[in-house]
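What follows is a single structure, written as structure tokens, with notes after it.
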Amino acid sequence: QLRLRESGGGSVQSGESLRLSCKVLGDTNSTNWVAWFRQAPGKGREGLAALQTSDGAPTYRRTLEGRFTISEDKDTVYLQMTHLKPEDTAIYYCAAKFSGGSLFTVVNYDVWGQGTQVTVSS
């Protein structure tokens, strides 16, 4: 059974950086993609970046400004965030997908972590 465990969230000032980690535990054989999503207060969950597990190729949401970078190292997927803004305040989740479908559609993902809070103050 696949499990995901996020860490690395916290409270930072505007302009600072954070690196989030997603530890991938258990049976990963069926996992095609691992992605990062976030959910701001009062808003829906939105996809940010996804990593194809077969070759490590990243895909980013088109509206991102280039401040986020997804990467992997062994059994951990990272989300490096730079020049953080107050509007980046959200709970950040990693998720794994076993099959096809749109990369940034919530219902296409099969396993979710518990989330990690990121708070950016001005």
Side-chain angles (χ1 to χ4, degrees):
Q1 183 178 1
L2 186 71
R3 302 185 310 280
L4 305 174
R5 187 181 303 158
E6 303 98 332
S7 61
S11 297
V12 296
Q13 297 287 319
S14 181
E16 294 183 342
S17 300
L18 272 178
R19 188 177 76 163
L20 306 181
S21 299
C22 173
K23 186 84 168 179
V24 182
L25 304 166
D27 184 2
T28 62
N29 289 333
S30 299
T31 303
N32 288 337
W33 292 85
V34 177
W36 282 98
F37 287 74
R38 69 182 178 187
Q39 187 163 14
K43 296 188 177 181
R45 197 168 295 191
E46 66 169 352
L48 301 171
L51 200 68
Q52 190 166 15
T53 56
S54 60
D55 60 8
T59 301
Y60 295 95
R61 189 182 189 91
R62 290 181 183 178
T63 54
L64 280 186
E65 303 163 317
R67 297 183 294 115
F68 296 173
T69 303
I70 190 171
S71 63
E72 66 174 346
D73 182 19
K74 297 180 182 177
D75 58 357
T76 302
V77 177
Y78 300 99
L79 184 68
Q80 178 70 47
M81 306 185 293
T82 61
H83 300 97
L84 285 163
K85 305 175 182 180
E87 49 264 44
D88 294 318
T89 294
I91 299 174
Y92 284 71
Y93 299 90
C94 68
K97 187 160 72 77
F98 300 151
S99 56
S102 172
L103 285 179
F104 299 129
T105 300
V106 172
V107 297
N108 289 338
Y109 281 79
D110 303 284
V111 179
W112 291 83
Q114 82 286 351
T116 185
Q117 176 72 47
V118 172
T119 302
V120 185
S121 56
S122 58

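Just so it is clear, the structure is predicted and the values come from calculations on it, not from any experiment.
- In this structure the side chain of Thr69 never reaches within 4.5 angstrom of the side chain of Tyr78, judged on heavy atoms.
- Both Val77 and Tyr60 sit in one connected hydrophobic cluster of ILVMFWY residues. Membership requires side-chain heavy atoms under 4.5 Å apart, directly or through other members.
- The backbone N or O of Thr116 sits nowhere less than 3.5 Å from a side-chain atom of Glu6 that would complete a donor-acceptor pair.
- The only member of Asn29, Asp27, Thr28, Val34 that meets side chain to side chain contact (heavy atoms under 4.5 Å, CB included) when paired with Leu2 is Thr28.
- Here the NZ-CG distance, from Lys97 to Leu103, works out to 5.0 Å after rounding to the nearest 0.5 Å.
- Here the closest heavy-atom approach between residue Ser122 and residue Ser14 is recorded as CA-CB, 4.1 Å.
- In terms of modelled atom types and a separation under 3.5 Å, the side chain of Arg45 and the main chain of Gln39 share no donor-acceptor contact.
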Evaluate the side chain to side chain contact (heavy atoms under 4.5 Å, CB included) criterion for residues Asn108 and Trp33: first the C-alpha distance (whole Å), next the side-chain angles of each, then the deciding distance (0.1 Å), finally the verdict. CA-CA 10 Å; Asn108 289 338; Trp33 292 85; over 6 Å; no
Residues Val118, Met81; criterion side chain to side chain contact (heavy atoms under 4.5 Å, CB included); working and verdict: CA-CA 11 Å; Val118 172; Met81 306 185 293; 4.0 Å; yes
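- Without hydrogens or angle criteria, Thr53 side chain to Asn32 main chain gives a donor-acceptor distance under 3.5 Å.
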Report the C-alpha separation of Glu16 and Leu18 in whole Å, then their side-chain angles, then the decisive distance to 0.1 Å, and conclude whether the side chain to side chain contact (heavy atoms under 4.5 Å, CB included) test is met. CA-CA 7 Å; Glu16 294 183 342; Leu18 272 178; over 6 Å; no
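- Of the inter-residue distances, the one linking Arg3 atom CZ with Gln114 atom CD reads 12.0 Å to the nearest 0.5 angstrom.
- Residues that satisfy the ring-ring contact (aromatic ring centres under 6.0 Å, His included) test with Phe37, not counting sequence neighbours, are Tyr109, Trp112.
- Residue Arg67 places its CZ atom among more than 12 non-hydrogen atoms of other residues, nucleotides or ligands, all under 6.0 Å distant.
- Considering every non-hydrogen atom in both Gly9 and Leu20, the closest pair reads N-CD2, 3.6 Å.
- Leu64 and Leu51 fall within the same hydrophobic cluster, defined by Ile, Leu, Val, Met, Phe, Trp and Tyr side-chain heavy atoms under 4.5 Å apart, directly or through other members.
- Separating the CG atom in Leu79 from the CH2 atom in Trp36 is a distance of 6.0 Å, to the nearest 0.5 Å.
- For the atom pair Thr76 OG1 and Leu4 CG, the distance stands at 11.0 Å (nearest 0.5 Å).
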Test Gln1 against Val111 for side chain to side chain contact (heavy atoms under 4.5 Å, CB included), laying out the working first. CA-CA 10 Å; Gln1 183 178 1; Val111 179; over 6 Å; no
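- In this structure, Thr89 contributes its side chain and Val120 its backbone to a donor-acceptor pair below 3.5 Å.
- Between Leu84 atom CG and Phe68 atom CZ the span is 6.0 Å, to the nearest 0.5 Å.
- Of the listed residues (Phe104, Tyr92, Tyr93), just one forms a side chain to side chain contact (heavy atoms under 4.5 Å, CB included) with Leu48, and that residue is Tyr92.
- Taking CZ from Arg5 and CG from Asp75, the interatomic distance works out to 10.5 Å, rounded to the nearest 0.5 Å.
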